[in-house]
Amino acid sequence: MDENQKLILCCKLLSVSSMAHRKFDLHTLAIVSEQSAIATSETTQLCSEPMEENLSIPVKLIQYVKNTQEMVVIDRLKTDLPVIDEYLTQQRPQSILCLPILHQGNLIGILYLQNRSTSGVFTSDRILILDFLCTQAAISLENARLYQQVANYSQNLEAEVEQKTQALNQKAQDLEQALQHLQKTQAQLIHTEKMSSLGQLVAGVAHEINNPISFINGNLNHLENYIVDLMSLLALY
């Protein structure tokens, strides 16, 4: 049970007990979702231990009302119902009332009241008032449960949105890094291609220059012989 439900439960217990304590020494107990709250004229105490292990509550009576969803009224512990346990035997309350807290036919809690000194406390008029208060408490508890359910859904939705946002941001960063790497690789390829083209151009120019040089170099000996013969002819004249 969440804190809002506990707070509402305490308020309802106080409203019931304050009404009753004006004339009676009343002990009030409410069980909601295996948790209990105990109200006396001085305090209201929340109990978190399992109901079966709690020796300060009438477990058998509460289990009976839980299973049957019926109201039980007992005076001076006189009853044929299988609800008398060690707690009731030791406390020996004179008046007992145990009411199921129902909302649209569903059991959401149990209200237990006892008076240790006076019998016949829970008259039909008082039971009618208590039944009305239990109905209001059931509505409040159900509203608190729905509010907590919506709050949990909203919290989970916000966490999911935050997680997906972080994932999208991470993907965006990964894509940005991949794009930068691609651009860098593309620039390197363009540079490599330019250098390859430049190398081919230099090789072509060198080849074009080398051809006439080779031609000239290959004919230098013949030219030298022609010049010698020419000089010899000129000498004869």
Side-chain angles (χ1 to χ4, degrees), residues 1-12 30-37 45-53 101-109 136-237:
M1 189 171 85
D2 59 71
E3 296 300 326
N4 291 330
Q5 289 176 312
K6 290 179 181 179
L7 179 60
I8 293 173
L9 178 58
C10 287
C11 292
K12 296 303 178 182
I31 306 292
V32 177
S33 300
E34 301 300 329
Q35 301 231 10
S36 60
Q45 179 183 2
L46 292 169
C47 304
S48 58
E49 62 182 309
M51 185 177 64
E52 291 77 7
E53 301 176 6
I101 302 176
L102 301 173
H103 179 73
Q104 297 180 352
N106 297 319
L107 181 69
I108 64 173
Q136 297 303 310
I139 295 173
S140 298
L141 289 170
E142 181 63 16
N143 289 340
R145 186 190 68 82
L146 293 175
Y147 175 82
Q148 186 63 34
Q149 185 177 358
V150 172
N152 292 338
Y153 177 78
S154 177
Q155 184 177 2
N156 293 336
L157 184 61
E158 289 178 359
E160 185 177 354
V161 169
E162 179 65 22
Q163 183 179 4
K164 289 185 177 181
T165 301
Q166 292 179 357
L168 288 175
N169 290 336
Q170 184 62 42
K171 287 184 178 180
Q173 292 179 1
D174 294 341
L175 288 174
E176 180 66 22
Q177 292 177 357
L179 178 60
Q180 292 178 358
H181 179 72
L182 180 61
Q183 290 175 343
K184 184 178 179 180
T185 303
Q186 185 179 15
Q188 291 177 348
L189 290 174
I190 293 174
H191 178 71
T192 301
E193 186 176 355
K194 286 182 178 179
M195 294 302 295
S196 176
S197 299
L198 181 60
Q200 292 177 0
L201 177 61
V202 171
V205 171
H207 177 71
E208 293 299 327
I209 294 175
N210 187 55
N211 285 338
I213 292 176
S214 298
F215 174 78
I216 293 171
N217 185 56
N219 291 281
L220 283 177
N221 292 330
H222 299 291
L223 181 61
E224 182 181 3
N225 293 330
Y226 294 152
I227 292 174
V228 171
D229 290 342
L230 180 60
M231 294 301 294
S232 299
L233 292 172
L234 290 174
L236 292 177
Y237 288 100

Does a side chain donor of either D174 or Q170 reach within less than 3.5 Å of an acceptor in the other side chain?
yes

Given the rule in the side-chain contact (heavy atoms from CB on, under 4.5 Å) test, do N143 and I139 qualify, once you have shown the distances and angles that lead to the verdict?
CA-CA 6 Å; N143 289 340; I139 295 173; 3.6 Å; yes

Pairs where residues 153-165 contributes a residue and the test side chain to side chain donor-acceptor pair (under 3.5 Å) is met, not counting sequence neighbours
E160-K164, E162-Q166

Side chain to side chain contact (heavy atoms under 4.5 Å, CB included) filter on L107, not counting sequence neighbours, yields K66, Q69, P100, L102, I110

Could you give the distance from CG (L175) to CG (L182), rounded to the nearest 0.5 Å?
11.5 Å

For residues 177-198, which residue pairs qualify under side chain to side chain donor-acceptor pair (under 3.5 Å), counting only residues two or more places apart or in two chains?
E176-Q180

Answer whether the closest heavy-atom distance between the side chains of Q149 and L146 falls below 4.5 Å.
yes

